[in-house]
Every structure is written in structure tokens, then in C-alpha cells.
Amino acid sequence: MKYIAIIPARYASTRFPGKPLAMLGGKSVIQRVYEQVSSVLDEVYVATDDERIFSCVESFGGKAVMTRSDHKSGTDRIQEAVEKIGTQADVIINVQGDEPFIQPSQVETLMHLFDESSTQIGTLGKRFDSLEAIQNPNSPKIVTDIRGFALYFSRSVIPYIRGVETQDWFGQYPFLKHLGIYAYRREVLAEVTKLPQSSLEKAESLEQLRWLENGYRIRVGLTDVETVGIDTPEDLQRAEAFLKTI
């Protein structure tokens with residue numbers, strides 16, 4: 001199996017413009033993501049629509065590819081990058097450009113999902129560690145079948161624990177947090193990026209529901225590693241503090 005990782009990174013962001021270029025412990029956020037992934041895979045690219053990000057990646061010795069600015073999702077940007085690179089990799093790994101602490105073990109877990117020929121799309125989940133985190137609508141939840149395939153993703157708390165007071169739900173069920181890292185068989189990526197938005201996707205604002213609603217299967221790997229994603233300047237401050245602890 002041949003793998004390639006592509007990191008979508010755009011400059012425009014409503015909550016934190018230019019965050020891929022924000023400095024974290026003396027390096028840009030995008031450089032930290034790139035270096036973490038490169039410790040596992042030889043072929044890593046940043047897919048961007050901004051010359052500043054492109055130049056930054058080249059300046060630290062990374063590989064980058066320019067893509068259009070009108071993509072509605074990172075998945076679409078990755079498909080354009082795949083076409084431009086001309087890769088023949090079996091599996092395309094999508095690592096978010098705002099995850100500077102993604103761990104090599106997480107990338108490896110994702111890769112091993114494709115040891116099973118039935119895996120079309122892979123992603124990761126982690127057990128929640130508090131009821132407050134479970135109830136956060138910005139942390140999507142996953143429920144899976146007994147083989148580890150996703151049944152549904154939701155911003156709501158799923159499943160509902162009947163007969164138990166809400167404040168006592170933690171510990172009643174292994175609630176699973178979705179981490180936004182994906183991998184796709186190359187032909188599946190090409191297919192899902194051609195699908196129109198689905199009703200469930202629009203309702204929950206979760207792109208992966210489009211794939212489920214169209215019959216694609218998503219296998220979920222488990223990790224016990226917590227990462228610190230960066231969506232806001234406040235997140236960057238938390239990331240700086242986290243960096244000092246490691």
C-alpha cells in the first residue's frame with residue numbers, strides 16, 4: 001500500500017485569519033503539522049490557495065501545491081491537489097492544517113485501517129473524558145457498529161441514555177469524540193467529492209454525513225491521544241501552554 005498525506009491550509013478564516021502562519025514555539029503552525037506527519041510518511045504536501053503559505057512551506061523545505069480559492073471544503077481542495085500532483089497512492093490521508101500536535105501513532109492507526117480491504121474511508125475517535133466535553137456541540141460524536149464502522153456522527157449527544165438523569169450519563173456509555181483526520185482510497189475520494197450536499201450534512205454541518213447518506217462506509221480507529229486544534233487566537237495561547245508541558 002502506498003500512502004500520501006495532504007494538508008489543506010487556507011489563509012482566510014473567519015475566526016483566525018492567517019492561522020497556518022501563526023507562530024507556535026518558534027515555528028509556524030503549518031510547519032509543526034508538516035513535521036509531525038513527515039515523521040511517518042515520506043510523501044507529504046500542503047494544499048493551499050495562498051502564496052504566503054506556499055512560500056512558508058517551501059522555506060522550511062516542505063512540498064506545497066497551489067489550489068483554487070473557491071473550494072467549499074478541505075476534501076475538495078485535497079482532490080484538486082491529488083490531480084495536480086498526479087499521485088498513484090492507494091490511500092490519501094487528510095490532516096487538518098491546524099493540528100500541530102497530531103501524533104505519529106494517530107497517523108499510523110489511520111493507515112492500519114486500510115489493512116482491511118473493506119475500508120473505503122477511515123477516521124479517528126477518542127473516548128470523551130468529561131460530561132462537559134460530551135455536551136459541547138463543537139465536538140462531534142460518533143456511534144459505531146461492532147466492526148468499528150460509523151453508524152452516525154452528530155453534534156448532539158448520541159446515544160441518548162434512557163432512564164438515567166443527564167448529569168449521570170458520563171460513565172454509562174463509552175461516548176466517542178470524532179477527530180477531524182481522514183483517509184480515503186484514492187478512487188473513493190474522487191467519488192465523494194462529486195456528491196452534492198446532503199440533507200443530513202446541511203442539518204448538522206458535518207461533511208462526513210454526506211458520505212454516509214450516500215452509502216459509503218467509514219471505519220473508525222481509536223486513539224487515546226488528545227490533540228490541541230487551533231481555531232482561534234485563544235486556542236493558540238492554549239497551544240503555547242501545552243507545548244511547554246511536552
Side-chain angles (χ1 to χ4, degrees), residues 8 13-16 71-78 93-99 101-102 106 109-110 113 116 118-185 188-189 191-232 235:
S13 170
T14 303
R15 290 185 288 180
F16 193 176
H71 288 302
K72 294 183 178 179
S73 72
T75 312
D76 294 335
R77 189 176 307 284
I78 283 175
I93 298 176
N94 172 356
V95 179
Q96 301 301 315
D98 56 7
E99 289 282 352
F101 300 110
I102 186 167
Q106 294 175 308
T109 296
L110 195 61
L113 296 178
E116 294 282 347
S118 57
T119 302
Q120 296 177 301
I121 302 170
T123 194
L124 294 182
K126 179 187 178 295
R127 288 277 295 271
F128 278 101
D129 55 13
S130 71
L131 180 61
E132 181 182 13
I134 294 169
Q135 293 175 323
N136 182 354
N138 293 318
S139 293
K141 274 62 71 174
I142 320 171
V143 288
T144 66
D145 66 16
I146 60 174
R147 295 184 59 202
F149 285 102
L151 294 170
Y152 194 67
F153 298 79
S154 182
R155 296 186 182 278
S156 298
V157 181
I158 52 172
Y160 179 91
I161 309 297
R162 186 176 181 181
V164 178
E165 293 294 329
T166 304
Q167 65 266 23
D168 297 324
W169 279 11
F170 185 70
Q172 296 289 325
Y173 182 85
F175 291 97
L176 200 59
K177 175 183 179 179
H178 179 226
L179 304 183
I181 174 174
Y182 297 100
Y184 327 77
R185 293 196 187 273
V188 171
L189 174 63
E191 292 169 5
V192 299
T193 51
K194 295 176 183 176
L195 297 171
Q197 278 194 308
S198 71
S199 57
L200 287 175
E201 176 190 8
K202 291 177 181 178
E204 296 251 23
S205 190
L206 294 174
E207 182 185 19
Q208 62 270 33
L209 292 176
R210 182 195 316 184
W211 313 333
L212 286 184
E213 202 167 356
N214 280 276
Y216 289 90
R217 305 193 73 191
I218 305 173
R219 192 184 292 273
V220 181
L222 300 180
T223 178
D224 59 2
V225 179
E226 186 65 77
T227 58
V228 181
I230 298 174
D231 291 320
T232 66
D235 290 337

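Using a 4.5 Å heavy-atom cutoff, the side chains of Ile78 and Tyr182 are not in contact. Asp98 places a side-chain heavy atom less than 4.5 Å from the side chain of Asp231. Looking at Gln120 and Arg185, their side chains never come closer than 4.5 Å, going by heavy atoms from C-beta outward. Side-chain contact between Tyr184 and Thr193: absent, with no pair of heavy atoms (C-beta onward) separated by less than 4.5 Å. Contact check for Val220 versus Thr144: side-chain heavy atoms found under the 4.5 Å cut-off.
The two residues Leu212 and Ala150 have their closest heavy-atom pair at CD2-O, 3.8 Å. Considering every non-hydrogen atom in both Gly229 and Asp235, the closest pair reads O-CB, 3.7 Å. Nearest approach of Arg219 to Arg147, heavy atoms of both residues: NH1-O, 3.3 Å. The two residues Ser199 and Glu213 come nearest to each other via the heavy atoms OG-OE2, 2.8 Å. A pairwise comparison of heavy atoms in Gly221 and Thr109 identifies CA-CG2, 4.2 Å as the closest pair. Heavy atoms only, all atoms of each residue included: Leu206 and Pro140 are closest at CD2-CG, 3.8 Å.
Partners of Glu99 by side-chain hydrogen bond (donor to acceptor under 3.5 Å, both in side chains), not counting sequence neighbours, listed by chain and number: Thr227. Residues meeting the side-chain contact (heavy atoms from CB on, under 4.5 Å) test with Asn136, sequence neighbours left out: Asn138, Ser139. Scanning for ring-ring contact (aromatic ring centres under 6.0 Å, His included) contacts around Tyr173 gives Phe175, with sequence neighbours left out. Taking the ring-ring contact (aromatic ring centres under 6.0 Å, His included) definition, one finds that Tyr216 meets it with nothing, sequence neighbours left out.
For residues 152-165, every residue pair satisfying the side-chain hydrogen bond (donor to acceptor under 3.5 Å, both in side chains) rule, not counting sequence neighbours, is listed here: Tyr152-Glu204, Ser154-Glu204.
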Check against side chain to side chain contact (heavy atoms under 4.5 Å, CB included), Ser118 and Arg217:
CA-CA 9 Å; Ser118 57; Arg217 305 193 73 191; 5.7 Å; no
Can you list, pair by pair, the side-chain donor-acceptor contacts under 3.5 Å of residues 121-131, counting residues two or more places apart and other chains?
from: Thr123; atom 1: OG1; to: His178; atom 2: NE2; distance (Å): 2.8
from: Thr123; atom 1: OG1; to: Leu179; atom 2: O; distance (Å): 3.3
from: Thr123; atom 1: OG1; to: Ile181; atom 2: O; distance (Å): 2.7
from: Ser130; atom 1: OG; to: Ala133; atom 2: N; distance (Å): 3.1

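Surrounding CD of Glu132 are at most 12 heavy atoms belonging to other residues, nucleotides or ligands under 6.0 Å away.
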